[in-house]
Amino acid sequence: MSGMSAVKLRGPEKTITRAMREARIAYWVIIPFFVYIAIWNLLPLLLGVLMGFTEYNALTMPTWVGLRNYIRFFTQGDYLTLLWRQVWIGLICLSLNTVLSFLIALALNIKSRAKGFFRTSMYIPAIAAVSVTSAVFVSLLDPLTGGANRFLAGMGIDPITWNHSQFWMVFWVVVYFIWRAIGPATIIWLGGLQGIDPSLYEAAEVDGASAIKKVRYITLPGLRFVASYIILTGIIAVMQMFDIIMFLTAGNPFGQTDTLMFRIYRYGAVTFNLGMAGAAGTILGIVTLLFAVVYFKIVLHREAREDA
Amino acid sequence: MHKVTAVGLRSLWYIVMLAIAFIMLYPFIFSLLAGLNTRTEFGHLGALFPVPSEPVWSNLLIIFTPRGIRPVLNTFMRTAWYTIIVCIMSVLMGYVLSRYNFKGKKFFITAILTTQVIPGVLTLIPAFVMMAHIPFVGGNNWMGMGGRGLINNSLAIYLPLGWTFLIWVFLFMQAMKGLPRGFEEAAEIDGCGFWRTIFQVIIPMQLPIIAVIAVNVALGVWNDWLIPFMYISDIQRSTLPAYLGQLVAALQRFGDRDYPRIFALSTVAIIPPFIIFFFLQRYIIQGIASAGIKG
Amino acid sequence: MKKVIFVAFFAVVMMFVLIGCGNGNGATLTIPYIGLTDGQIEVATDLGEMDMPYNRYMYGLRRAIEAELDDFNIEFVDWGWAETLDAQQRAGIAAGTAPDIVVGEIFMPTYANEGILRPLPQDIVDTVNPSFLIRDPNGVPVAVALRASVFMLFYNRDLLEAAGFDSAPRYWDEWQTMSDAITELGNGEFWGGGVPSFPHAGGALRATPFFRQNGTDFFMNGQVMLDDPRLQEALEFIRSMDRNLPPGMGNAADEGPMWNAFEEQQVIAFVVNGTWQATGAERNNMNWGVAPLPIPRGGQEGNCLVAAMYVAVPEAAANPEASFDIIRIALRDELSSIWLDDTVPSPRQDIVSNPARWSHNPPLAQAMEAVAGGQVTGLASFPQNDAQIWEIINTRVLARTTITNDPIENITAEALADINNLLS
C-alpha cells in the first residue's frame, strides 16, 4: 500500500516535498506498530491501575471500592513483609550475580584456546526456559530421596532437611537464579572489557602500576556503562521474579519464602482476588521504578562529580 | 621460579573453570539421565547421576505420538511467527527512525527506550484479565461490555506483542548508523521506492544484524513459557515449555508425581535451543553484548 | 549459506502454518481428565501400571466415552489435580470457555455454593448413595463423587512384632507409645510413623479426622476454630507424632516417599491413608494390618471423606445433555465396580446395599459402612476466599506445627488473624 503511494508521490505532485513524503511513510510504518503494541501493553497498564480500585473475583462484576485495597496493603496482612522479602532476596541475587559474573569475565578475559568452550558453557543455562530446568533442582532437593542429601550422606554429613529452612530455600533460589543469569552477565562484562582501549593498560604497565591498580583505575571506570546496564536490567528482573520461587519453594516453609510478586501472581491467576492483585502490582511496579530511578540518579550524580 | 607460578596459575585457572563449566552443565546431564528412568527406579535411585539400569526410551517417545507432538509443533509455530514479525518490525521501524526526518521522531525513540524500563509486573495480571474479555463485545459480560475471551484460545499465544521486543528496533537503528547512506542514495537514483530500497538494499546489507535479531528472538520466544502458561491450560493448544511449567508447578502441590516424564519432556524442550545455540552462537553472543553496550 | 538458512526457515514456517490450519470442526466436549495421558497410553510398555485399578477405570471410561459419544469431538485435557485443576477450571469459567464437566475434590463444595453448577438429573441422583452427592445451598444435588474413601490406620505387622506389639493401637497415647518405641528400636533404620502434615490438601485431609475425633474442625457453624483448645490439643499430638517420621518426610510437598517407605521399603510402621493403601500393601506382599484411626481418650470416632472424585456439569457447559451422559457412563456397574478392586467404595446404591460384593475385604467394608452411613463429610469449606484460607492452614498452621517448635497458640493466633481478614 505504501509502495503505491510512493509511486503516486513520485509522480506529478511536485508540491509534496521529500520531507513530507518521508514523514508520510514513517507514520505509515510506525503508527500501526505503536498502536498495536499500546493495545497489548499500555491498555493493561491502565487497566491494572483501575483494577486496584475494585473488588473483583472474575465470577461476578467488579465493584468500586476506592482506596480500600491500597489501605489494606499498608495496614493489614503481610503485604509489607512480602514486599521487603522480594527486595532482599532480589538484592542478594542481583549483587552476587553482578560480582561473580564480573570475576568470571575477568578470568575469561585472557588468551586461551579453551576460552570459547568455557564461555559457551557459562551461557548454556540461559538458553533453557526456567520451567525446563527447575524440576532438576526440585528433585535434587527432596529431603529424603533427593540426590543432594544422598550425596551428603555419602560424604558422611548429616542430611539437611532443605524444605524446613528459610535459609536453605532462599540459598537454593539464589543459586538457581545465578546459575541462570550469570552467563549473559558474564558476556556483557566481557564485551565491556574488550571495549577498553588496550593502550591504557600498556601506559599503566610503563608507569609500573600493579594489577589491582589497573583494575581500579582503568578497568572499572571503563565498565561504568556496562555495569549500570547490568544493574538496571537486574533490578527490574529481580523485583518481578516469581517463577523461581513458584517452582522451587512455592513459598514454603510455611510462607517464609513467599514474595510479593508470587502473591500477585496467585491473586491474579490462581485465587482470583483481582482487585488486590491490581493494587499490589501497581505498588510493586512503582517501587521497582523508584529503585531504578534512585540507582540512575546516584550513578549520574557520581559521574557528574567525577567528570567535574 | 616465575615460570613455575605461571604454570601453576594456568592449571588453577583450568581447574576452576572446568569446575564452573561442570556446574553449569550438570542439570542438563541429570535431566537427560533421569528422563530415561522408570518411575520406580527413579524414586529409589536418588543419585546425583541417576544412570538407569535399562534406559526407557518410551519416555521420550511420548512426544512423537499424535497428541504428544502438538505442543512441540505449537512451540515451533509460535517461535517462527514472532521471529518473522519482530524482524519485520525491527527492519521497518529501525530504518525509518534512523534515516527519515519527521515530526515526533524523538518522541518515538524516547518511547521505545522508556518502555524497556517499565516492569512487566504492572501488566502481567491485567493483561490476563483483558485477555479473558477480548473483544469486549458479546459473550460474557464484563463492565457491561462483554466478550468471549481468548483464554484457552490458540490465538492467545500469537496475538500479544510485548514492548520488550522494541529493543530490537533500537538495535537495528544502531546498526543503521554503520551503513553509509551512499547505497540508498544510489538506489534512489535508480528509481527505487521505499519497499524496493528495503528489500534490495537494506535487508541484504544488514543480514548479519537481522540474523542477530532473529536468533535472539527465536530463542526468547521458544523459552517464553509464561504467556502460554498464563493464558492456555489446554496442552493441545499450549507450548512445550508452558506445559512443563504446569507440571513443575504441580510438584509443589497435592497429587502424584511423574519425575521421569518431566525430565524426558525437558530434554526434548532443550534440544531446539541447543541446536540454535551451537550453530548460531556468535549471533546470540553478539546480540547480548550489543544490547548491553549500545542499550 | 545464509540464503539456505532463510529458505529452510521459511519452508518450516509454512509447513507448521499448514498443519495449524488443519483443525477439525464439530462440537467439542472438553473434559478434565485425571489419568494417564494419551502419549503414555500409546507407548505404554509398563503393563503393570496399566493394570492398576485406577488406570483401568480411567482408561475404560475414556474408551467408553469415545465409543458412545462419537458425534462429538472429545478433548481430554490434563489439568492436574487440586489447586492446579481448580485454577484451570475457574479460568475457563471466567473466560466463558468452561469445560463441559468440572472435576475436583476439595473445591467442589465452593462451586456448589457459588451456584455455578447445574442440578443433576433425577436418574443419576437415584443411581447413587446420597452420601456421594454435593448439594447446593437450596439442597439440590449438583455434584456426584465417582468414588470416595475414608482414612484408616495401616500398619506393618513385622515392625510391630519386632517391638513386641501384637495389636493395633486404639487410643492416641497407645499409638504414641508404640510409635515411639518402634522409632527408638529402629535407630534411624526404621520408624514408627505419625500423622503427615503435607503443605497442601494432602495434609489437611489427614489432620481433619484427628480434629473431628476431638469434637472440633477447622471451620464449624460459621466459626474458624483455630483458637479452640481441642484443636490445639490435636495439633500438639500431630507435632509429637511427627518425631516418629524421618525428618522432612511428614511435611514435604511430595507424598510419594512416605507411601514408598511404608509399602516398598517397609521402614515405617504406621501410615494414615485412604483404604486404597490395602491394594498397595497387597501388591508389595507385605505383612500388613489395618485398624480404625486411634482416638483420644474420651473422644469420638472421626474421619474425613478423601479421594472423592466429584464430577459436575457447570451452568456454562455448552452440551449439558452429553455431559450428563458421560457421568452416566462413569457410574455404570462394569466401570464403577473397578473401584472395589482398589479397596475404594463405589457410589452405586446397588453396590452399597449389597454387602456380598464387598464384605470379603475388611477395610473396604469398613469404608463402605462409614461412607454410606453418611456421617463422614469432606474437608470443611469456607464461605469466601476458600483457596487462600486453605493455603494458610496447610502451610502456616499444619506444616509450621511440625517444622518449627513455635508455641501452638502463637501459630494458630497468627493464622487466625489472617484468615479473619480474608473472611471479612
Side-chain angles (χ1 to χ4, degrees), chain A residues 2-3 6-7 19 22-23 25-26 29-30 33 36-37 40-41 43-45 47-48 51 107 118 120-122 124-125 127-129 131-136 138-139 145-147 150-151 184 187-188 191 195 226 229 236 239-240 246-247 250 261 264 268-269 274 277-278 281 284-285 288 292, chain B residues 13-14 17 20-21 24-25 27 30-31 43 46-48 89 92-93 96 100-103 108 117 119-130 143 160-163 193-195 219 223 225 230 241 244-245 248-249 251-252 259 262-263 266 269-270 273 277 281 285 288-289 292-293 295:
Chain A
S2 292
V7 171
E22 287 189 348
I25 294 174
V29 167
I30 293 174
F33 281 117
Y36 191 72
I37 288 179
W40 288 107
N41 298 273
L43 204 61
L45 198 72
L47 189 64
M51 236 162 61
F118 290 136
T120 303
S121 63
M122 293 300 294
I124 278 182
I127 64 163
S131 60
V132 169
T133 48
S134 299
V136 175
V138 176
S139 124
T145 58
R150 294 285 171 91
F151 175 71
I187 283 167
I188 296 172
V226 171
Y229 176 80
I236 295 166
M239 287 299 280
Q240 43 183 309
M246 170 169 81
F247 289 138
M261 189 59 212
I264 293 171
L274 292 166
L284 183 58
T288 310
Chain B
W13 183 86
Y14 266 102
M17 281 297 148
I20 293 175
M24 289 291 159
L25 297 178
F30 182 92
S31 181
L48 285 184
M89 178 176 87
L92 292 181
M93 271 172 76
V96 164
Y100 286 3
N101 280 312
F102 53 93
K103 228 182 183 168
F108 288 122
V117 298
V121 35
L122 285 167
T123 54
L124 182 68
I125 300 305
F128 173 73
V129 174
M130 192 177 100
M143 291 173 70
L161 192 62
W163 49 26
F194 173 74
W195 290 106
L219 210 53
N223 284 333
W225 59 279
M230 294 285 292
L244 272 163
V248 178
L251 288 178
Q252 299 294 339
Y259 278 112
I262 294 178
F263 289 123
S266 303
I270 301 167
F277 184 69
Q281 204 192 122
I285 306 278
I288 299 294
I293 289 154

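Quick caveat, the model's predicted, so the values are computed rather than measured.
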Region of [X] in contact with chain B, defined by heavy-atom distances below 4.5 Å:
{"X": "A/A26", "answer": "both"}
{"X": "A/I30", "answer": "both"}
{"X": "A/S139", "answer": "both"}
{"X": "A/M246", "answer": "both"}
{"X": "A/M261", "answer": "side chain"}

Checking heavy atoms, do the side chain of [X], its backbone, both or neither come under 4.5 Å from chain A?
{"X": "B/M230", "answer": "side chain"}
{"X": "B/L122", "answer": "both"}
{"X": "B/W163", "answer": "both"}
{"X": "B/L92", "answer": "both"}
{"X": "B/F30", "answer": "side chain"}

- Task: Among the options A/A292, A/A107, A/P184, A/G278, pick out the one with the most heavy-atom pairs lying under 4.5 Å from chain B.
- Result: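 Top option by heavy-atom pairs under 4.5 Å: A/A107.
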- Task: Look at atom CZ of A/F151 and say whether more than 12 heavy atoms of other residues, nucleotides or ligands are closer to it than 6.0 Å.
- Result: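 It does not: A/F151 CZ has 12 such atoms or fewer within range.
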- Message: The test is side-chain contact (heavy atoms from CB on, under 4.5 Å); show your working for A/V138 and B/Y259 and say whether it passes.
- Response: CA-CA 10 Å; A/V138 176; B/Y259 278 112; 3.7 Å; yes
Side-chain donor or acceptor of [X] paired with backbone N/O of [Y] under 3.5 Å:
{"X": "A/Q240", "Y": "B/G120", "result": "yes"}
{"X": "A/N41", "Y": "B/L161", "result": "yes"}
{"X": "B/T123", "Y": "A/L45", "result": "no"}

Between [X] and [Y], which heavy-atom pair has the shortest distance, and what is it?
{"X": "B/P241", "Y": "A/A129", "result": "CB-CB, 4.3 Å"}
{"X": "B/P273", "Y": "A/I127", "result": "CB-O, 3.4 Å"}
{"X": "B/M24", "Y": "A/P125", "result": "SD-CG, 3.5 Å"}
{"X": "B/P119", "Y": "A/G285", "result": "CG-O, 3.9 Å"}
{"X": "A/G48", "Y": "B/P126", "result": "CA-CG, 3.2 Å"}
{"X": "B/P27", "Y": "A/V136", "result": "O-CG2, 3.6 Å"}

- Side-chain heavy atoms of A/L274 within contact of B/V129, under 4.5 Å: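 Side-chain contact under 4.5 Å: yes.
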- Check: B/F277 and A/T120 side chains under 4.5 Å, non-hydrogen atoms: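 A side-chain contact exists here, since the closest heavy-atom pair is under 4.5 Å.
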- Between B/P160, B/S31, B/A269, which residue shows the highest count of heavy-atom pairs closer than 4.5 Å to chain A?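 With the most close heavy-atom pairs to chain A, the winner is B/P160.
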- Heavy-atom pair count under 4.5 Å with chain A, highest-scoring of B/F263, B/Y14, B/F128: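 Option with the greatest count: B/F263.
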- Query: Taking A/V132 as the fixed residue, which of B/V248, B/N223, B/L244 is the one that meets the side chain to side chain contact (heavy atoms under 4.5 Å, CB included) rule?
  - Reply: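 In the set B/V248, B/N223, B/L244, the residue that makes a side chain to side chain contact (heavy atoms under 4.5 Å, CB included) with A/V132 is B/L244.
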- Query: Can you list the steps and then say if A/R150 with B/L48 is a side-chain contact (heavy atoms from CB on, under 4.5 Å)?
  - Reply: CA-CA 8 Å; A/R150 294 285 171 91; B/L48 285 184; over 6 Å; no
- Message: Between B/Y100 and A/V29, is the side-chain contact (heavy atoms from CB on, under 4.5 Å) condition met? List the steps.
- Response: CA-CA 11 Å; B/Y100 286 3; A/V29 167; over 6 Å; no
- Task: Could you check whether the rings of B/W225 and A/F247 sit parallel, tilted or perpendicular, using 30° and 60° as the cut-offs?
- Result: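 B/W225 vs A/F247 ring planes: tilted.
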